[in-house]
Structure formats: structure tokens, C-alpha cells
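Lettering of chains follows the sequences in order, A, B, ..., and the numbering in each one begins at 1. As a basis for the values below, the full set of heavy atoms in this structure was taken, side chains included, without hydrogen atoms, waters or symmetry mates. It should be emphasised that the depicted structure is a prediction, and the values quoted were computed from it without experimental measurement.
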Amino acid sequence: MAQGTDNKKTGALSEFFKAFGRGFKDIGVTFAEGDWKTKLSYLIFGFGPLLRGQFVTGAALLACEALFIWFMTGFGWKYLSKIATLGTVATKKVGRKTVYGDNSFLILLFGVLAIFAVIALIAVWYINIRVNRKEELILKSGKKLPSNRDVIASLFDKNFDKTLLALPVTGIFIFTVLPIVFMILVAFTNYDKNHQSPTNLFTWVGFENFKNLVSFSGAGIGSTFVHVLLWTLVWAFFATFTNYFLGLAVAMLINKKGIKFQKLWRTILVMTIAVPQFVSLLYVMKMFANDGLINGYLLKWGIIKNYIPFWTDPVLARITIIVVNIWIGIPYMMLIATGLLMNIPEDLYESARIDGANPWQMFRSITLPYMLFVTGPFLLTQFTGNLNNFNVIYLLTQGKPQSVNLAEKAGNTDLLITWLYKMTVNDTNYRMAAVIGIMVFVVTAVISLVVYNMLPSVRDEEGFQ
Amino acid sequence: MKGSYKAKRTAGNVIAYIILILISIIWLFPFVGLVLQSFRSYATEYGGMVDYLVPKAFSLDNYKFLFDLSQTNYLLWYRNTIVIAFFVTLFQTIVVLCVSYALSRMRFTGRTFLMRFWLILGMFPGFLTMICLYFLLKQFGLTQAGAIPGLILVSVASSGMGYYVCKGYFDTIPKALDEAARIDGATRSKIFFVMTIPMSKPIIIYTALVAFMAPWCDYVFASYVAFGHDSSYNVAVGMTRWVWTNDYQGYFTRFCAGGVLVAIPVTLLFMFLQKYYVEGVTGGAVKG
Amino acid sequence: MKKKLVSVMLTTAMSAALLAGCGQQAAQEVAETATDAAETVAETATDAAETVADTAADATEAVAEDIDYGSGEVKVWVADNVVDFTNEQIAAFQAEHPEMSGYTFTVEAVGEGDAAGNMITDVEAGADIYAFAQDQIARLVTAGALEVVEDSNAEAIKAQNDAGAVGAATVGGTLYAYPLTSDNGYFLYYDKSVVTDPSTLEGIVADCEAAGKNFYFEINSGWYQTAFFFGTGAELTYDTDDAGNFTKCNSTYASDAGVVALKEIAELASSKAFQNGSAISNATNVGAIVDGTWDAQAAKDLFGDNYACAKLPTFEGADGKTYQMSGFGGFKLLGVKPQEDEGKLAVCDALAAYLSSEEVQLARYNAVGWGPSNLNAQQSDAVKADEALSALADQLQYTIPQGQYPGDYWSLATSLGDSIIAGEITAASSDDDFMKALTDFQATCESYAQ
């Protein structure tokens, strides 16, 4: 099985290089065999199509080139040229007035954007060559080129995918890909509170931040990182499985034969999904405070002598968080399970009952296997989602309580994600935040990859296909 | 034999009811508390935390405060949130439908690459990019005073990656239908608008509902983009300050009242459209 | 929020006479009148206003001829409860300075805690003038979010404000901010019906325990913690250079004195009456709370007729000696952001000087009860008669003015406090454990100074 996928992967890789080679060959052949219009198109995009009457295609290609030149001359080059140093001109004072120097942040951000623009230009250039080639071949074979109207019409038919995806892909590119690449690069700089744009410059430092992450002596944060990572994993495990099994149990309880007002019970439970978390969780946080409602009543009724430190004791805080998370998570799982449980054929249970199976046995041998099989991928996404479950932790404890044993202001209930957030917002320690962010990615990706390949439903589907 | 089985089941049901009632109490307790606190009189019982549940006197002080624009911008925040939620819902639904249709029905170069690439992108924590997004938006003047369109833009721009559930639904619509229509001469776009979309009402409602609920909780990014400009906060940013910042002494009951007002429309909508939500999450869960 | 309109109007009238650029003499005159009985203030102030009017007019004319201020927008960030007050003061400022009419002023509610963080995130989008608590100053200087106070203003500030406030606004040898208040210290609020004798910690805790009430002390804050450490004679200060870098840490926490203090904190935390916290609105069932003047109104509302306040108590250390609790005397400051335009900078300077002037400080006290840092304003009868402020004044003789501390210190101290609350360090721990915790603490503190 594993070998099979390996073969497929190497196949894909060699396929990719072959395609790359073909691309180069295309460029050469087109130039050698092309007419003067095509040759000039190597410099002026869309020149060939325009002269051949393909105004829509030609104009689009030319517009891309014009846009690139406009972007680079007016904006991009200014930043791209400084990306190797991230700026050298320091901020200075002229009289009492401040004259800002280079802005390392913008240099990095727009430098990256400019690099992407160059890559995009090369891609458009290649498309431009392909278009010329195609048109020449069509003309050579004596056929007519499609009319401009046809070209536009194809955008709503054959090429409808391009129309549909153009904006979403651009949006994701600018507002997701670009920022992620930017932040990955920040992990290799010294961008922190002492090197803050626009007043101070920051610069490249290589792998220094990563060394700091795995350094376990002195000022290194290695041991804290391990501590936070472990709790992140423990939390994700408990948060996922407590919710899963308890949610399943509640769903079965409500689905039980003879239980009335099913809709009412469900509606009561789903309140926690509907009410915005910043309202419900902040209230719950106050409820469990040392001087909050719960402790207040328990003390008043004489059940306890001293308040229970729900949030201030490290171990208790973790338990409380997981319990509150059950309150948040059960309804969600309950809804999913309710739908799925109905799909299990009733006669399976009937025959089991005739065989004398008790409810527990039926659950063990019918319900659970079915549910686990069907919801495998869901469990995985839940798990990775919980690894990054910011809201529950931050609204309840903000990662506290802190401890003298933990570096970089990490708290005992901090997940990697809340730690990262605090570094970014409270400390402007962007360089370490970027490193932690990359680690979050690595953890998520590794777990997803490993678990995904182990899932029975995934394996079976592959066999089935 | 049969009798004992029945008796057992009745006993089981009684236990089940007891458990369900207990669960209901636990689940509703915080909300009951929230509502009760929101009616505590600000004037006579003070607006801070107390360690009892039922107010000594009920009053509408806190609600009056929220509706008084000379004292707080709550109404503005509320309006901002509705505006954001509305536009995000509208555009996000459109984007998700487009992406899902393209990925489900069309086969083009780079399709699998795109899907894998987006999957990997989704594994990066979102907060990482906050500061970068902030400065990108700032270039367009979409921070502070322009924070509302800015927030809409960012939510919508990256929404294409959340296509899974919707694509899964489109996958279940038989392709034979499409092919029959194509033979009849319908274009792809016509199929999309005239056939697929009308058949997808449940998934459209699900997508819209999820999109509508998210902006009400957006504290992190909204506070980052709108800082220092009170009138472009959303409810989450404006109100969490009442709990977290010491400048706001005695705002706890006001927070509760504000929370109740925020919860009402979202909850009502949710209850009303619950059926579609269940359909969506169940489908999504099975598909992964 | 009800404003005492009359007093505000009075003080605006007074301040009309007294703008930046007016002679020192005029300032003195008005200052003297301020110490007189309240009724006479109005008259004298108007007199003063008239007498200075001529000289002031000359001065402003001369300035107006020399500088073209240009136009633009000046953003001001202050805490929510002084937004209205600040708007009124700015209106008065504008009336006084027609030559700056090209500028519009907007005031936003950004808490003193958030202001620094937001400024640092994006200096350019931040406010031009903003209020902040002094513990943020070094961080703001490093990030380039504070402009040096202009020389002539600096002299006036140093002369007119108490030494602690000036020290708080100084980084290295340079004055970076305008002192606003000297009330950022803490003392004890208590319920008279619960606590009979507020003079000893043991007594307060016993009374609260007996009454089933809570005693609030925020021991996981680096700010409140020092009440114990400085009380037993342990020290912790930092030296800074002009750029806001910390050059040296002077600490004696890892000493017998430090151990006594930490033990006492652990002892306090073990009481069932103890609650960690310092915000009245978040506190329930309060018997006593260590808090600052900003919560005075909330405390009055909470305790009603039983409202009382006092200096911090003494405690008997594990070594049998009695110590008076100490702590920080802190200050609120007003900062001006570096500007790319000299005209705008001049406007910001003038407004910051105005908002931190004696009259406005006094007016601010009248409006919201913030204790002034201006020496003359401190001498006014109203300020002297204030219960909370006099408790603070009693306490101040035992405290040290808060200097500059690196941001990391505060969170390190939170960790130390959290470790006690969580029971990682308890009253029953051995002296060696305490010493080890403090040695680590001190070493980390020292590592913050380069």
C-alpha cells in the first residue's frame, strides 16, 4: 500500500519535470518556427494575437505586461532592491522633526509581493507564447481562429472554471498566501520589540530563532516549548474524544425509543452553538472565578470551606477547561451523531436483540464501529481544530496561570496558538511568534498526514475506487 | 418475559429523562445567569460582579445604557457587526458556491494541485498573518476608520478555502443531469445558475448561516484592525473591554445585557434554520 | 458620568490666562490664587486672566508670526472616563489658540493599558498624544513612539511637578513625557463593619476570615508585590540609557529580606479569605481590598456607609520583626508621538503641555478624582480633603517612586505570584526553596539588563 503511493509520488514528480522540460522546448520551438508577429510577442505580450484579430486575448496579455511594468516602476522595485538587507537608512531627527528611514517591514512585505509579481509575469509570458503557437498552428492547418465573441463566450462555458475561480484564487493569494510567506520569512529575521518599524530596522539572522527554540539552557525556550506542545497535544486528545463519546451518548439518549420532546432537548443543547462564544465563555469564566458564583454558593451552603481555585491552580485549570469545552462541544457532536445514527439499519439491532445481545454489546459491535468508520475524517479535523482552538482557551484563562518555570510568558494552559497570539499582540515578539507558527504548522501537518493514511474509511475508499 | 422487557424499558426511560433534565439545567444555567444579571439594577445594586444569582431588584438600567448613544457606542458596534455579517454572508456564499462548483464539476489543469495547496495553507495558524494583513489593509486605507470594509474584505477573500462541505454536496448531485443538459445545448454557466443553484438550497442556507455567525465572535482580528477607533469596533471588540479592561468599573451587568442583545438574533436565526445546519455539519462530518 | 461643570468652567477661565508661552510669573500668580478658598478663585482668576492678557497676546502674536502651523488632524487617546473631560479641555485650548485653527482634534477612548500596545503595533496609525501608565515608558521609547519633551516645556515640568513624577517621565537623562497624575499608588479600602483595625495585615485577614469576607490583594502583579519586598528592605531598580535600553539591574531580592517578604506573601495566599485581584468591580463579597484612587468611586458605591480607607498595614515577618508595607508610588503620563511635520509637533507639544498644566490637573481632579502631580494643585484644599488621596499620601511616605522597569519584569512577577497562588511555593516550603525561587527570579531580572 505504502509502496503504491510512493510510486505514485515519484511518478508525479518525474511527470512535473517532464512537463517543465516540454515547456522549455515549447519556448524554443515556437521562437524558431514562429513568424515575426510571434517573435515580437516575446517582448510585447499579446502582439501576435492583436495583429491576428484576437483582440480579447491580445489585450488581456498586454494589460498584464503593462500592469507589471506599472507596478514595478512605481512601487515594486523600490522595495525589491532592498530585500537583501531589509533597509539601511536609519531614522533620524532634523531639528525636532522626525525623518523616517527605510521601513524594513514594508520592504519585506512588498519585496515578497514583487517577487511573486515576477513569477506571475513569467507565467503570463509562457501562456503568451503558447497562445501564439496555438494560433499559428490553427492558421497553418487552414482553419479559422475563434472569434472574439467565442473567446468571451467560452469563459461562461468551456472555461467557466477560470471565471469562477479568478477572484477567489486572487483573494486567497493576496490575503492568505502572501501573508504566510511573509511570516515564514520573518522567522529568519530579528523583527521584535527592539527592531520595530518604522523607527528601527530589522534584518536577516538566519536560523538563530530556531536555535533559540531548541535551546534548553539559559535564555533558551526549549523546555517551555516542549511543555506547551505537550499540553497542546493532551488537550486536543481529551477535547476531541470526550466530546465525541459524550456527544454520541447524548445523541443516543435523545434518540432512545420512547423519549418524547426530542426537538426540545436538542434545541436546549444547541444554544451553546448559537450564542456567540465571547458572550457565553466570558460569562462562564466569571462563573468559575475564585470569587465567582459557583464558589460563592458552595461557600454559602457550607459545602466547601475554601474556594476551589478553578482557574488559578494549573492542574485544576486544565481540567476545568476540558469540562467547559464539553459543554461547548457536546451539542455539535450530538447533531452530527443524530443524523448518522438514523442511517444504521434498524434490522441490524433487531437481529442482535434476537441473538440476546444487551445494549452495551450492541453499542460495541454495531454503533461504535459504524460511527468510527464514517466519522474518521471528521475526528481528524476535530483533532487538528482543537490543536488550534484559540477561543476556548483564551476566553477562559488567557493561558494563565503563568509559572516561574515557564519562559516567554507562557502559561500553564497556553496552547501553542494562544502563546503565539500573546507573543504577537502583547510582546510584539514577531520573530519567535513566526517560529512557533511554523511549528504549529509542522505539528498539524504531521498528525494529519500520519492519521489520514491510517483511517479505515480512507483506505477502503481508495481500494473501492 | 415481554412484560419485564417493557418494565425495564420504562425504568430506562425514567433514568433517561432524569439525565436529560439534568443536562438541560447545566446547559441552560449560564444563559439564565446571563439574563438575570442583565436585569440587575445598576443604580441600586452596582454593576460589578456579585456572588449571588437572582438580583434583588429588576430594572432595565443596563439596557437603557446600551441604547444611549451619548454614553456608549454600543448601537454603532451593533450596526457595524450587522453590516459586516450581512456582506460577509452575501459574498462568502457566492465565493463558496463558485469555488465548489468549479472543483466539483469541472476538470482543469492544476485542479488537484489547487485543492492540495489550499489544504496545506489551512494548516498554518491564522494569527500568524495578522500583522501582515493589518499593514496590507492599511495600504488601502482599510484600517481604523475603514476597518469595516477591511474586515469584510479579509473574510471574503480567504473564504474560497472553505469549500469542502459545499463541494461534497455538489458531488452528490448526479453528473448525468449536467450531461443531459449539455447535450441539450446548455452552457456551463447556465447549468450552474439554472440547475445547480436551485437544487442547492439547503447547502446555500448552511453556508450563509455559518458565514453570518462568524463575525459576531470576531474579537481577535477585529480588535487588531480597528484599534483606537471606537466607532468602527464590532460588538465583540467593544464589549470584551468591559470585562478585561480596568477602566470599565461596574460594567459587568452591562456586558451581560449587551450579550443578551447579541445572542437574541443569532439564536433565533439559528433555531429557525437548525434543520439546514444539521444537514450541513452531518454531510461535512462524513466527508471530512 | 456627571461632570462638575462649574469647576470645569472655573478652571478653564483660569487656564485661559495661562497658556504655554505665557510668562512664569503669570503661572505663579494663578497658582497662588488656586490655593485660596474656592469662592475667591473665580474672581482672582479672571483678574489674573486680564492682567496677563496683554503679555500673553504679545507672546502668542510673536509666535504666530514666526511659525506657520499648517493644518491636519491630531488624535488623542485617553481612558474612557476622561474622554468628555478631555474634549472640553481641548475646546478651551482651541479657543485660546486661534493660530492653530488649521487642526482638528479627535479624542478616542483607549485605555492606558492598551495605548502602549496599540502604539507599538503601528506607530503611524497611533495617536499623536496619548495617556499611558508609566511602566510602559521604556518600551515606548525603544519603539520610537515618544518624542522628547521640548526644552522650555521640560524646564517648566521639572519645576512644577513632584520629583517622583518627573523621574517617572525620564528615561536615561531625558524627559519623554508630561506627568498627569501622581495617584498611581495603592492603599487599603475596607469595610468598617468588617475590619476593626486596619493597621496590621494579620488583623485584617483575621477579621475577614471571621466575617466570611474576602480580602483582595493582587499578589501576582509586579506592581502590588513590591509592597512586601520593598517593605522588608529588598530592592529592585533598573538603570536606563537615553534610548530606553536597560543597562543595569540593582536587585537584592535573593536575600534574607526577600525570603521574609516572599514567605509573607505565601502566608497571605494560604488564608481562606485571600483573593487575588485589585479591581473592585470584579470583586465580590469584599471585606478589604488593596487598590488605587481610580477605584475610589466604585469603592464608595460598594461599601456605602462603611466605606473607609487607610495606608497599607504592617505585618509581622517570619523572623518576628514588624515591617511596614511599602510599594510603588506610580504616575500617569501623557506622551507625544514623533512627528514628521514640525508645525504639527508644535501643536502637539502645546496641547500636551496644556492638558498636563496645573489648572487642567486640578479640573481633572474635580471631574474624575485623579490626584494631580502638579505641586501647586496638590496643595489645593479639595485635594487635601480627599479621603482616598490622603490615605494614598499617608502610604506614599513608605513607598519608593516607581522608576523604569522592563516589560518582562511585570510578567516575570506575575509568574512568581501565580506560582504561589497555584501552590508551587507554599508557606510550608523550606527557606532554601524560597531562596532558590528568589535567586532564579533575581537572575532573570538581571538578564533583562544588557
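A distance below 6.0 Å separates the ring centres of B:W216 and B:Y78. Close placement of the A:W327 and B:F31 rings is indicated, their centers lying within 6.0 Å of each other. Aromatic ring centres of B:Y219 and A:F278 lie farther apart than the 6.0 Å criterion allows.
Neither the backbone nor the side chain of B:E279 comes within contact range of chain A, judged by heavy atoms closer than 4.5 Å. Only the side chain of B:I23 comes within contact range of chain A, with at least one heavy atom under 4.5 Å from a heavy atom of that chain. At a 4.5 Å heavy-atom cutoff, the contact between B:I120 and chain A is made by backbone and side-chain atoms alike. Heavy atoms closer than 4.5 Å to chain B are found nowhere in A:T384, neither backbone nor side chain. Residue A:V284 touches chain B through its side chain alone, counting heavy-atom pairs closer than 4.5 Å. The contact between B:M271 and chain A is made entirely by side chain atoms (from C-beta outward), counting heavy-atom distances below 4.5 Å. Heavy atoms of A:Q382 lying under 4.5 Å from chain B are absent altogether. Only the side chain of B:M106 comes within less than 4.5 Å of a heavy atom of chain A; its backbone N, CA, C and O stay farther away. A:Y191 touches chain B through its side chain: at least one heavy atom from C-beta onward sits under 4.5 Å away, while N, CA, C and O do not. Residue contact with chain B, scored on non-hydrogen atoms closer than 4.5 Å, is absent for A:T170. Contact of A:I172 with chain B is made through backbone and side chain together, with heavy-atom distances under 4.5 Å. Looking at A:M423, neither its backbone nor its side chain comes within 4.5 Å of chain B, counting heavy atoms on both sides. With a 4.5 angstrom heavy-atom cutoff, B:F124 touches chain A via backbone and side-chain atoms both. Looking at A:V442, there are no atoms closer than 4.5 Å to chain B (heavy atoms on both sides), in backbone or side chain. With a 4.5 angstrom heavy-atom cutoff, A:K256 touches chain B only via side-chain atoms. Proximity to chain B involves both the backbone and the side chain of A:F156, based on heavy atoms less than 4.5 angstrom apart. Proximity to chain B (any heavy atom under 4.5 Å) is shown, for A:L269, by both the backbone and the side chain. For A:L387, no part lies under 4.5 angstrom from a heavy atom of chain B. Residue contact with chain A, scored on non-hydrogen atoms closer than 4.5 Å, involves the backbone and the side chain of B:Y52 alike. Contacts between A:M287 and chain B at a heavy-atom distance below 4.5 Å involve the side chain alone, from C-beta outward. Neither the backbone nor the side chain of A:F173 comes within contact range of chain B; no heavy atoms are under 4.5 Å apart. For B:L137, the part sitting under 4.5 Å from any heavy atom of chain A is the side chain, from C-beta outward, and nothing else.
Classified by interplanar angle (parallel below 30°, tilted 30° to 60°, perpendicular above 60°), the ring pair B:F252/A:Y283 is parallel. Between B:Y277 and B:Y206, the ring planes are tilted. Angles from 30° to 60° get that label. Ring geometry, B:Y101 versus B:F170: the interplanar angle exceeds 60°, so the pair is classed perpendicular (tilted spans 30 to 60°).
Ranking A:V279, A:L164, A:L167, A:T267 against chain B, the residue ahead of the rest is A:L164, based on heavy-atom pairs under 4.5 Å. Annotation: maximal heavy-atom pairing with chain B below 4.5 Å, among A:V250, A:I294, A:T444, A:V275, occurs at A:V275. The most heavy-atom pairs under 4.5 Å with chain A, out of B:L53, B:V278, B:I21, come from B:L53. Contact count versus chain B (heavy atoms, under 4.5 Å) is highest, among A:L109, A:I180, A:N388, for A:I180. Each of B:L103, B:V220, B:L97, B:V156 has some count of heavy-atom pairs under 4.5 Å with chain A, and the biggest count is that of B:V220. Of the residues considered (B:A186, B:G259, B:S223, B:G258), B:G259 shows the highest number of contacts with chain A, using heavy-atom pairs under 4.5 Å. The choice from B:V96, B:L121, B:V154 that makes the most heavy-atom pairs within less than 4.5 Å of chain A is B:L121. Options B:G160, B:A236, B:S158, B:S159 differ in how many heavy-atom pairs under 4.5 Å they form with chain A, and the most are formed by B:A236. Annotation: maximal heavy-atom pairing with chain B below 4.5 Å, among A:F105, A:F110, A:F160, occurs at A:F160. For the set A:G339, A:P331, A:P359, the entry with the most heavy-atom pairs within less than 4.5 Å of chain B is A:P331. Each of A:K162, A:K286, A:K158 has some count of heavy-atom pairs under 4.5 Å with chain B, and the biggest count is that of A:K286. With chain A as partner, the option from B:M130, B:Q139, B:R105 having the largest number of non-hydrogen pairs under 4.5 angstrom is B:Q139.
A cation-pi arrangement is found for A:K300 relative to A:Y297, the charged atom lying closer than 6.0 Å to the ring centre and inside a 45° cone about the ring normal. Both tests pass for B:R254 against the ring of B:Y251: distance under 6.0 Å to the centre and angle within 45° of the axis.
Nearest heavy-atom pair across A:L416 and A:T232 is N-OG1, 3.3 Å.
Formation of a donor-acceptor pair under 3.5 Å by the B:Q37 side chain with backbone atoms of B:C256 is not found in this model.
Open room surrounds CZ on B:R116; 12 or fewer heavy atoms of other groups in view lie less than 6.0 Å from it. Within a 6.0 Å radius of CZ in B:F108, other residues, nucleotides and ligands contribute more than 12 heavy atoms.
Side-chain polar atoms of A:T375 and A:Y244 form a donor-acceptor pair below 3.5 angstrom.
Ionic pairing of A:D157 and B:R182 is present here: one or more N-O contacts between side-chain nitrogen and carboxylate oxygen are shorter than 4.0 angstrom.
Atom CE of A:M183 and atom CG of A:L185 lie 10.0 Å apart (nearest 0.5 Å).
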